[in-house]
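Throughout, protein chains are lettered first and strands after them, A, B, ... in sequence-line order, and every chain is numbered starting at 1. The structure displayed is predicted, hence computed values, not measured ones.
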2 protein chains.
Amino acid sequence: MTVDFDARQSRAELREDLRAALLAAAARLISEEGLGALALRRLAERVNVSTKAVYTLFGGKEGLMEALYVHAFDGIASFEPEVLSIASPQRRILELLRSYRRYALARPDLYAVMFGDAAMGLSPSAESRRHAWNTTRPMRQALRECRPGMTAEEADFIMRALWSAVHGIVSLELRQLIGGHDMATRLFDESFTGLLRHFGVPFDRELLKE
Amino acid sequence: MTVDFDARQSRAELREDLRAALLAAAARLISEEGLGALALRRLAERVNVSTKAVYTLFGGKEGLMEALYVHAFDGIASFEPEVLSIASPQRRILELLRSYRRYALARPDLYAVMFGDAAMGLSPSAESRRHAWNTTRPMRQALRECRPGMTAEEADFIMRALWSAVHGIVSLELRQLIGGHDMATRLFDESFTGLLRHFGVPFDRELLKE
DNA sequence: TACCATAAGAAACATCGTTACCACAAGGGC
DNA sequence: GCCCTTGTGGTAACGATGTTTCTTATGGTA
């Protein structure tokens with residue numbers, strides 16, 4: 001295997017670049033005009049290629065959606081740039097949860113890719129689902145820091161409960177089923193105060209004030 | 001499903017019958033072959049009419065989806081036939097929540113209509129959303145029975161928290177993101193125990209045993 | 001009975017995802 | 001260096017979808 005330092009890009013490099021360009025254009029198209037506007041022809045036109053490229057690089061629209069699925073989960077991290085450096089694990093948990101909600105509210109169409117139904121040809125593979133779960137690692141780590149001695153299994157369990165709760169709130173909020181933003185914020189604060197305390201995670205209510 | 005044209009019916013009756021037949025056929029088509037299989041041509045073929053009927057009766061596929069949205073929420077009640085007659089409000093709340101989960105797991109495609117993304121032309125009107133909220137009335141009633149003196153606003157708030165939680169759990173469970181059925185059941189039990197206690201709703205953990 | 005508004009069917013239209021077919025160029029073996 | 005294999009991407013077609021238009025027929029009403 002040889003490494004090409006030439007200015008001319010190798011086939012694999014071109015392939016990777018085009019793949020990234022298609023993915024970025026798809027995410028932009030979705031954010032601008034909604035998930036329904038994601039048509040292969042329109043996407044290909046924006047990148048100045050033919051629709052065939054999507055088939056060679058992603059295997060079809062379903063593959064593109066799965067790549068977007070992974071991309072959308074990775075995007076959560078962009079909404080928590082300085083959160084990971086917060087020393088207090090309790091505060092870090094709270095801010096991670098808030099970041100998740102901010103992300104979902106700011107990018108509802110990407111959030112729809114993550115949790116939209118399978119009718120759009122969205123049935124993520126086990127590997128993609130594992131990737132999604134792996135994005136919760138920082139919060140699981142913070143949970144274990146909150147109570148020394150907590151096992152990984154216990155942290156996973158609490159994580160699942162917190163994830164379910166924040167997803168439920170955000171999901172109903174996006175569908176305008178639980179009132180406006182302030183109501184959802186109150187719901188958010190109360191639900192996590194209750195859940196964290198129930199699961200024995202030390203949580204000072206004063207943290208919510210900031 | 002065919003409409004009986006022999007019986008002499010008024011135009012309004014025929015219209016209503018055809019509307020119900022289309023809705024039922026759509027729900028059946030979805031349950032049998034998934035939301036992606038809901039095509040107007042296939043639906044019309046099943047009811048032995050042309051696709052135009054969907055346009056005169058629902059205004060298009062979007063209108064059909066909104067009617068299905070309401071229909072799907074109404075369907076929850078069919079999973080709680082004897083639950084409403086449970087005397088103990090605590091036990092009634094638990095069984096209502098369990099019924100909701102059973103419904104979602106048994107009819108995932110109808111649940112997708114209720115909470116699928118807007119890409120499928122699903123943007124329920126305020127009236128439909130109010131209808132969805134109204135299906136939570138039995139549980140709000142049970143909440144107020146649990147603690148005499150609870151205001152309607154407080155019951156609404158707790159209801160929103162419970163709905164968010166059960167939707168979050170069920171949604172992640174359907175997407176296979178939080179483990180299998182047993183894990184989701186544990187999550188379900190623990191989350192609601194924690195939430196109900198946090199909101200001051202008397203809840204005996206022994207109720208979960210049955 | 002005669003008129004009219006309305007509904008349903010047939011077919012066309014625009015668009016979608018997908019797939020043959022085919023040039024064409026990069027990469028490896030001689 | 002040359003040729004061949006391989007794979008990549010463009011063009012155009014195919015089937016299916018939601019929607020619209022035109023036409024026909026039928027129930028309701030004066």
A.B. asks: The side chain of B/K61 lies closest to which of these nucleotides: C/dA8, D/dC14, D/dG18?
C.D. replies: D/dG18
A.B. asks: I want to check something: taking the side chain as every heavy atom from C-beta on, are A/F115 and B/L177 in contact at a cut-off of under 4.5 Å?
C.D. replies: yes
A.B. asks: Can you identify which nucleotide, out of D/dG18, C/dA8, D/dC14, has its nearest atom closest to the B/A53 side chain?
C.D. replies: C/dA8
A.B. asks: What's A/L18 touching, base or sugar-phosphate or nothing? Going by heavy atoms closer than 4.0 Å.
C.D. replies: sugar-phosphate
A.B. asks: Look at the side chain of A/R92 and the backbone N and O of A/I86, then say whether any donor-acceptor pair between them is shorter than 3.5 Å.
C.D. replies: yes
A.B. asks: Compare all side-chain heavy atoms of B/T51 with those of B/K61 and state whether any distance is below 4.5 angstrom.
C.D. replies: no
A.B. asks: How are the rings of A/W133 and A/W163 set to each other: parallel, tilted or perpendicular (split at 30° and 60°)?
C.D. replies: tilted
A.B. asks: Rounding to a whole Å, what distance do you find between B/F58:CZ and C/dA8:C1'?
C.D. replies: 15 Å
A.B. asks: State whether A/R186 and B/E153 are salt-bridged, where the test is any N-O pair (Lys NZ or Arg NE/NH1/NH2 against Asp/Glu carboxylate O) under 4.0 Å.
C.D. replies: no
A.B. asks: Would a distance-only check, ignoring hydrogens and angles, find a side-chain to backbone donor-acceptor pair under 3.5 Å from B/H198 to A/E190?
C.D. replies: yes
A.B. asks: Roughly, in whole Å, what's the span from CG in A/L64 to P in C/dC16?
C.D. replies: 14 Å
A.B. asks: In this structure, how many angstroms lie between the C1' atom of C/dA14 and the CZ atom of A/R42, rounded?
C.D. replies: 14 Å
A.B. asks: Is B/K52 near enough to C/dG9 that one of its side-chain N or O atoms lies under 4.0 angstrom from OP1 or OP2?
C.D. replies: no
A.B. asks: Rounded to the nearest Å, what distance is computed from the CD atom of residue B/E62 to the P atom of nucleotide D/dT17?
C.D. replies: 19 Å
A.B. asks: In whole Å, I'd like the distance from the CG atom of A/L38 to the C1' atom of C/dC16.
C.D. replies: 12 Å
A.B. asks: Measure from CE on A/M65 to C1' on C/dG17 and round the result to the nearest Å.
C.D. replies: 13 Å
A.B. asks: Give me the residues of residues 44-51 of chain A where at least one heavy atom lies under 4.0 Å from an atom of DNA chain D, by number, or none.
C.D. replies: A/V49, A/S50
A.B. asks: Reckon B/L43 touches a base, only the sugar-phosphate, or nothing at all at heavy-atom distances under 4.0 Å?
C.D. replies: nothing
A.B. asks: Should A/R15 be listed as having a side-chain N or O under 4.0 Å from OP1 or OP2 of D/dT8?
C.D. replies: yes
A.B. asks: Specify the separation, in whole Å, of atom CG of B/D17 and atom P of C/dA8.
C.D. replies: 12 Å
A.B. asks: Reckon B/Y55 has a side-chain N or O less than 4.0 Å from the OP1 or OP2 of D/dT19?
C.D. replies: yes
A.B. asks: Could you state the CG-C1' distance from B/L29 to D/dT17, rounded to the nearest angstrom?
C.D. replies: 14 Å
A.B. asks: Relative to the 5' end of DNA chain D, which residue comes earlier, A/R41 or B/G60, by the nucleotide with the nearest heavy atom?
C.D. replies: A/R41
A.B. asks: With a 4.0 Å cut-off on N to O distance, would you call A/R46 and A/E33 a salt bridge?
C.D. replies: yes
A.B. asks: Kindly point out which of D/dG9, D/dT17, C/dG17 is positioned nearest to the side chain of A/T56?
C.D. replies: D/dG9
